[in-house]
Amino acid sequence: MLMRGAGLRRTLAQSGIEISPLAWGMWRTTDTGQRIEDIDRLLHAALDSRINLVDTADIYGFDGRSGFGSAEELLGQVLAGSAGLRNRIVLATKGGIRPGSPYDQSPAYLKDAIDASLRRLRIDHIDIYQIHRPDILAHPQETARVLEDGLASGKIRALGVSNHTPSQIEALAGFLDASLTVTQPEISALRIDCFENGELDQAMGMGLTPLAWSPLGGGRLLNPQNERELAVASSLDRFAHDRNVSLPVAAYSWLMAHPAGIVPIIGSQNADRIAEAVQALDVEWSRGEWYEVFTAARGAPLP
Ligand code: NAP
């Protein structure tokens, strides 16, 4: 049987920060016009299930016209309203997507973005600050300097990247004295690029924890749209039926079986679904079962 790659907590490289093997994400937080009470309830559903890693971003809540920063603002209000809550979570946020630019990691912008996130979140430090998407026009040496300054001033405890290629990660890491601790690519049974394009190999080699965004393919695993998606969903469904778990639990545990120690970021805004997700910790895969899903995802037999 394949191991899940982690116990109940794991420590991010060099930082001493302990995270849960699943995270909860706030990308969809303002989709349905949620209020402080809703966020408080969902956050507690995660904490009650021993999920301590919360992923947000300054862009979350932006609808194309307005709302930039609104997810962080809501989370900040929840944290400010409950003594001690801040210290129970590992707060990961992101910056570097700038509406209209579309990406900006120029030193002045990035420095201000970090300060603005701190203000909206009403906290004095960000546990994990991630560059959301690479700005091709930013030199990684300049980006590294701003991130190092954030660490030195205590505004940031650990660094990460999202949607970066292995060479972009290598370039940034080369200019940093501190280690990168997380990388956040899209990974699901419907998005398997990183299993073979070097991203996960690099993560293992550098000791980066991969956080998987859209681990259910943004919900498409529950609502497959084409022949390939149907084949992947059916394969997961057979396994789920066999183990008496739901398809999402099968899908999370499939990612967690990878040796890189992938942390799926649950996107659900439903407290029961967040609570159910931790069943994935008890699910083990045989190699044969795992490769059956992988083969369905490739859409072609393995050589
Ligand atoms: P996902 O888990 O792949 O999809 C979540 C969607 O599936 C929700 O709309 C959810 O609806 C739906 N769903 C339907 N049935 C479900 C079930 N039984 N259990 C759970 N969900 C079910 O994740 P995601 O929301 O696309 O992304 C997750 C997180 O990844 C985000 O919150 C964000 O933190 C991160 N992310 C990062 C990037 C990046 O560029 N770095 C991009 C996208 C996302 P309900 O809410 O109704 O349950």
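Note that ligands are numbered from 1 as they come in the structure, with each ligand's atoms numbered from 1 the same way. Only this structure's heavy atoms are used, side chains among them; waters, hydrogens and symmetry mates stay out. In what follows, residues are counted from 1 in the order of the sequence shown.
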Quiz item: Among S246, G218, G267, which residue places a heavy atom closest to atom 4 (O) of ligand 1?
Solution: G218

Compute whether any side-chain donor of one residue and acceptor of the other, for [X] and [Y], lie under 3.5 angstrom apart.
| X | Y | value |
| --- | --- | --- |
| Q168 | N163 | no |
| D104 | S106 | yes |
| T93 | Q130 | no |

Could you list which atoms of ligand 1 come closer than 4.0 Å to a heavy atom of [X]?
| X | result |
| --- | --- |
| S268 | 20 (C), 21 (N), 45 (P), 46 (O), 48 (O) |
| I265 | 28 (C), 29 (C), 30 (O), 34 (O) |
| N163 | 39 (C), 40 (O), 41 (N) |
| R273 | 11 (O), 13 (N), 14 (C), 15 (N), 16 (C), 17 (C), 18 (N), 19 (N), 20 (C), 22 (C), 45 (P), 47 (O), 48 (O) |

With a 4.0 Å cut-off on heavy atoms, does [X] reach ligand 1?
| X | answer |
| --- | --- |
| Y60 | yes |
| H132 | yes |
| Q130 | no |

Quiz item: With hydrophobic residues grouped by side-chain heavy-atom distances under 4.5 Å, do F175 and I136 end up in a single group?
Solution: no

Quiz item: Hey, is ligand 1 close enough to Q269 that some N/O pair sits below 3.5 Å?
Solution: yes

Practice problem: Look only at interatomic distance and state if L222 has a nitrogen or oxygen under 3.5 Å from any nitrogen or oxygen of ligand 1. | Solution: no

Practice problem: Would you mind telling me which of E73, R120, K94 makes a side-chain contact (heavy atoms from CB on, under 4.5 Å) with D58? | Solution: R120

Quiz prompt | side-chain contact (heavy atoms from CB on, under 4.5 Å) partner of L216, the single match among L222, I266, L236 | solution = L222

